[in-house]
Structure formats: structure tokens, C-alpha cells
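The model shown is predicted, which means the values in this text are computed figures rather than measured ones.
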Amino acid sequence: MDMSWKMEDNLPVNVREYQELAKKALPKMAYDYINGGAEDEHTLRENIAAYTRIILRPRVLVDVSKIDMSTTLLGYTMRSPIIVAPTGGHKLAHPEGEKATARAAASCNAIMVLSFSSSCKIEDVASSCNAIRFYQLYVYKNRNVSATLVRRAESCGFKALLLTVDTPMLGRREADIRNKMVFPRSGNLEGLMTTDDHDTDIEWLKSITSMPIFLKGIVTAEDVEAGVAGVIVSNHGARQLDYAPATIAALEEVVRAVAGAVPVLVDGGIRRGTDVFKALALGARAVMVGRPVFFGLAARGEAGARHVIEMLNGELEVAMALCGCRSVGEITRSHVMTEGDRIRSLL
């Protein structure tokens with residue numbers, strides 16, 4: 001088994017330790033912005049806690065001397081099913097911002113999703129490395145703004161669009177209110193977020209680009225839409241609607257509704273390789289990891305972001321081996337027991 005993810009001494013050994021380093025390295029306002037959620041932050045805590053209530057069911061007596069974590073998405077082969085999620089403002093964590101994050105993703109052969117609120121220009125991130133890149137998009141009231149962003153992403157070789165559909169208005173993030181947080185934005189984007197029906201947005205986007213479109217921000221079966229390339233189970237990092245379901249708790253409902261038609265991804269609350277394993281067992285094709293990579297970037301720059309991805313890959317590899325899974329395709333629903341499973345077993 002490849003154990004190259006075990007790096008030199010005196011480095012953090014898990015995401016939690018990187019978070020502590022990031023907290024020490026960042027101004028309070030920046031850390032609270034990155035780590036905070038909406039209102040009571042119930043969903044923020046639940047995104048993480050819900051994973052702890054899922055139990056693994058390992059298989060033994062399996063030859064796991066060779067573990068293959070690779071998977072495919074839209075025909076692209078990834079080293080593992082871990083994608084760098086779109087989180088804005090990476091220059092809050094490091095002067096090179098998303099350029100450093102993109103290089104970290106590229107070195108791990110991971111897909112990176114660039115946020116519309118990136119602190120670096122689309123072109124600068126694209127030229128910084130050869131990572132496979134997707135672009136997160138909001139549709140604005142002035143559609144010329146969205147069309148311009150789409151054209152720029154397409155001309156820079158981005159491979160897919162992630163249409164974020166859970167932000168008709170911004171959630172109430174009390175830490176940012178308390179800190180009087182002012183997030184630097186491009187002036188031409190102010191007040192341009194749309195409240196249009198997203199069915200209309202999807203059809204319009206299809207008319208101006210050939211890039212595949214994922215819907216990001218789905219947590220119920222009722223919101224699953226036909227005619228898109230994929231669905232991302234997300235509650236916006238618990239930064240929008242508090243008391244929305246934890247994403248891992250909503251995953252199976254959405255997977256059943258999609259019924260295999262398109263890949264389903266999930267983000268939110270992933271802090272361990274075992275969390276990645278649990279998400280795959282419940283039907284996700286891949287996971288998106290945001291805050292942990294941000295913590296690594298804040299603590300140690302590009303090297304820290306890369307190390308976080310490598311650590312999660314290493315933890316996933318161990319989890320797969322100890323559960324008797326030689327490839328991600330061998331990870332099945334029978335490898336996990338959820339709270340619902342335990343309740344049903346008592347009936």
C-alpha cells in the first residue's frame with residue numbers, strides 16, 4: 001500500500017489540527033468568516049456531527065494489498081473522489097489566493113471548482129497550473145454579467161459549470177455581522193443576484209454554453225431537476241438556511257430521486273477519509289471539500305492545502321483497505337449503518 005501521504009515530522013496529522021493552526025494564523029474576522037455559519041449554526045455543527053452517527057461495517061479476509069481510489073467524472077479520471085470545493089476569498093488565507101489552491105489541487109490530480117467570488121481572476125487561476133477546473137456560477141439579474149463570466153471560464157479551459165441555486169438572498173451570518181465583516185467584491189456584481197426560477201436559468205445557460213451544468217444546493221428530492229449533468233447535495237456550508245438538513249443526511253434521498261441518471265456529489269462537514277467513504281457508500285460519486293483546504297492554505301500556504309488533500313486521500317485509502325474495498329466501485333451501501341438503519345432494525 002502506498003503510504004507516501006505520511007509526511008515529515010512536526011506537521012499536522014489531521015484536519016482538526018490544521019484548523020487550530022489556521023485559527024492562530026488568521027485575524028479573528030477572517031477566521032470567523034471562513035468557519036462560521038448562519039444564525040445558531042445548528043446546521044454547521046450537524047454537517048460534521050451527522051457523519052459521526054454513521055457506522056462502518058468492514059469486510060475482512062480480502063486481499064487489499066493494492067487499493068485503487070481513482071474514479072471518473074464527466075469522463076475525467078481523478079486520483080481519488082475528492083474535489084476542491086468552491087470557497088471564495090482565498091486571499092484572506094494566503095497572498096496568492098486561489099492560484100496557490102489550484103496548484104495544490106493539480107499536484108494531487110484533483111478537480112478544483114473556482115468560486116464566482118474568487119479573489120483571483122479566472123484567467124490568473126487558469127494560467128497558474130494545469131488542474132482540471134470547474135466554475136461555480138450564480139445567475140445575475142443582469143444576465144450579461146453571467147454570460148461574460150461563462151465565456152471567460154470557457155475560453156480558459158474550464159470543463160463544467162456549477163449553478164448555485166440556494167441563494168435567492170444571503171443567509172444571516174451573525175459572526176460576520178458582529179465583526180462588521182466587509183468581504184471585497186467586484187463592484188459590477190453588487191445587487192445582481194437573481195431570484196428568477198432556476199428552471200429558466202438552466203435553459204438560458206444551456207443556450208449560451210456547451211459546458212455541462214451541475215446544480216449545486218439541492219437537499220430534497222423535490223428539487224432534483226432533469227436535463228442537467230449532475231447534482232450536488234449542498235447546504236452552502238451551512239451559511240444560508242440554518243436548520244436545513246445536514247448534507248450527508250440528505251444524500252440518500254437525493255440519490256434515490258436521481259435514480260442513477262446523473263452523478264451525485266456532496267459537500268459539507270467532511271473532515272476525515274472515513275467521511276468520504278461514508279458518502280460514497282450512500283451513493284455519492286465524489287465529495288467536495290472546502291473549509292479543510294482553506295485551513296491548510298491559511299496555515300502553510302500551497303503546501304498546507306496540498307497536505308490536507310493528501311491526508312484525506314491517505315485516510316480514505318486506509319478506510320477502504322480496512323473495510324475490504326480494493327476500489328471505489330467496491331464501496332457499497334452495505335458497508336455503512338445509518339441512524340435510520342438502526343431504528344428500522346428495532347421495529
Side-chain angles (χ1 to χ4, degrees), residues 1-26 30-31 34-35 47-48 51 67-71 78-115 118-120 125 128-134 237 267-280 286-322 328:
M1 183 185 301
D2 179 13
M3 304 297 280
S4 60
W5 56 275
K6 288 189 173 181
M7 298 183 70
E8 62 265 27
D9 293 337
N10 301 320
L11 288 180
V13 297
N14 55 48
V15 168
R16 184 177 62 253
E17 292 183 2
Y18 263 109
Q19 181 172 355
E20 288 301 314
L21 288 180
K23 187 174 183 179
K24 293 175 182 176
L26 292 170
Y31 177 78
I34 294 164
N35 195 53
N47 268 355
I48 296 173
Y51 275 100
I67 300 294
D68 180 7
M69 297 187 296
S70 66
T71 190
M78 303 185 294
R79 175 188 168 191
S80 82
I82 297 174
I83 294 170
V84 177
T87 51
H90 285 213
K91 284 189 177 180
L92 289 171
H94 188 272
E96 288 198 280
E98 288 80 2
K99 291 188 290 184
T101 308
R103 291 195 299 266
S107 68
C108 297
N109 193 25
I111 290 174
M112 176 183 174
V113 184
L114 185 67
S115 170
S118 165
S119 51
C120 296
V125 174
S128 66
C129 66
N130 61 353
I132 299 171
R133 297 173 298 271
F134 293 178
D267 70 9
I270 294 162
R271 298 295 185 271
R272 287 284 188 183
T274 48
D275 296 338
V276 180
F277 185 97
K278 292 169 184 178
L280 299 179
V287 305
M288 300 204 306
V289 177
R291 285 185 178 97
V293 176
F294 215 122
F295 296 149
L297 185 68
R300 296 182 56 242
E302 178 185 336
R306 181 175 63 249
H307 189 206
V308 165
I309 300 169
E310 289 172 341
M311 281 195 310
L312 291 172
N313 280 335
E315 291 176 6
L316 174 60
E317 184 179 22
V318 171
M320 289 174 61
L322 295 180
V328 293

Query raised in the report: Quick one: CE on M311 to CD1 on I82, what's the gap to the nearest 0.5 Å?
Result: 10.5 Å
**Report entry** Nearest-0.5 Å distance, CD1 of residue I111 to CD1 of residue I132
**Finding:** 5.0 Å
Report summary line: The salt bridge (Lys or Arg N to Asp or Glu O under 4.0 Å) partners of E96 (sequence neighbours excluded) come to R103
Query raised in the report: So, D275 side chain and R271 main chain: donor-acceptor pair closer than 3.5 Å or not?
Result: yes
Report task. Could you check if a side-chain atom of C120 sits within less than 4.5 angstrom of a side-chain atom of V125, using non-hydrogen atoms only? Result -> yes
Report task. Could you walk me through whether M112 and I83 pass the side chain to side chain contact (heavy atoms under 4.5 Å, CB included) test, one step at a time? Result -> CA-CA 6 Å; M112 176 183 174; I83 294 170; over 6 Å; no
Query raised in the report: With no hydrogens and no angle check, is any side-chain donor or acceptor of R133 less than 3.5 Å from a backbone partner on A131?
Result: yes
Query raised in the report: Is any side-chain heavy atom of M288 closer than 4.5 Å to a side-chain heavy atom of P86?
Result: yes
Requested in this report: Evaluate the side-chain proximity of V276 to P81: yes if any heavy-atom separation is below 4.5 Å, no if none is.
Outcome: yes
Query raised in the report: Which pair of heavy atoms, one from Y18 and one from A299, lies closest together, and at what distance?
Result: CD2-CB, 3.7 Å
Query raised in the report: Under 4.5 Å between any side-chain heavy atoms of V289 and D267, yes or no?
Result: no
Query raised in the report: Closest heavy-atom contact between A279 and V287?
Result: CB-CG1, 3.7 Å
Report task. Test V84 against every option in V113, L114, I309 by the side-chain contact (heavy atoms from CB on, under 4.5 Å) rule and name the one that passes. Result -> I309
Report task. Provide the closest heavy-atom pair for G89 versus F294 in the form atom of the first, atom of the second, distance. Result -> O-CZ, 3.4 Å
Report task. Please report the C-alpha distance between N313 and S80 in whole Å, then the side-chain angles of each, then the deciding distance to 0.1 Å, and finally whether the side chain to side chain contact (heavy atoms under 4.5 Å, CB included) criterion is met. Result -> CA-CA 7 Å; N313 280 335; S80 82; 2.5 Å; yes
Query raised in the report: Do S119 and H90 meet the criterion of a side-chain donor-acceptor pair at a distance under 3.5 Å?
Result: no
**Report entry** Minimum-distance pair of heavy atoms, taken over all atoms of D68 and M320
**Finding:** O-CE, 3.7 Å
Query raised in the report: Between L26 and A93, which heavy-atom pair has the shortest distance, and what is it?
Result: CD2-CA, 3.9 Å
Query raised in the report: Ignoring hydrogens and geometry, is there a side-chain-to-backbone donor-acceptor pair from S107 to A104 under 3.5 Å?
Result: yes
Query raised in the report: Got I34 and F295 here, is their nearest side-chain heavy-atom distance under 4.5 Å?
Result: yes
Query raised in the report: For residues T274 and E315, is any side-chain donor paired with an opposing acceptor at under 3.5 Å?
Result: no
Requested in this report: Determine, stepwise, if the pair N35 / Q19 fulfils side chain to side chain contact (heavy atoms under 4.5 Å, CB included).
Outcome: CA-CA 9 Å; N35 195 53; Q19 181 172 355; 3.3 Å; yes
Query raised in the report: Which heavy-atom pair separates G237 from R291 by the least distance, and what is that distance?
Result: O-NH2, 3.0 Å
Query raised in the report: If you measure from OG1 on T101 to CD on E302, what distance do you get to the nearest 0.5 Å?
Result: 8.5 Å
**Report entry** Spatial distance of atom CD1 (I48) from atom CD1 (I270) [nearest 0.5 Å]
**Finding:** 10.5 Å
Report task. State, with a plain yes or no, whether a side-chain heavy atom of R272 is found less than 4.5 Å away from one of N14. Result -> yes
Query raised in the report: Do R306 and C108 come within less than 4.5 Å of each other through their side chains, counting heavy atoms only?
Result: yes
Query raised in the report: Residues two or more places apart in sequence or in another chain: which of them pass side chain to side chain donor-acceptor pair (under 3.5 Å) with Y51?
Result: none
Requested in this report: Verify side chain to side chain contact (heavy atoms under 4.5 Å, CB included) between R300 and L11, making sure each step is shown before the conclusion.
Outcome: CA-CA 10 Å; R300 296 182 56 242; L11 288 180; 3.5 Å; yes
Requested in this report: Output every pair passing salt bridge (charged side-chain N to carboxylate O under 4.0 Å, His left out) with a member in residues 10-24, not counting sequence neighbours, ordered by first then second residue.
Outcome: none
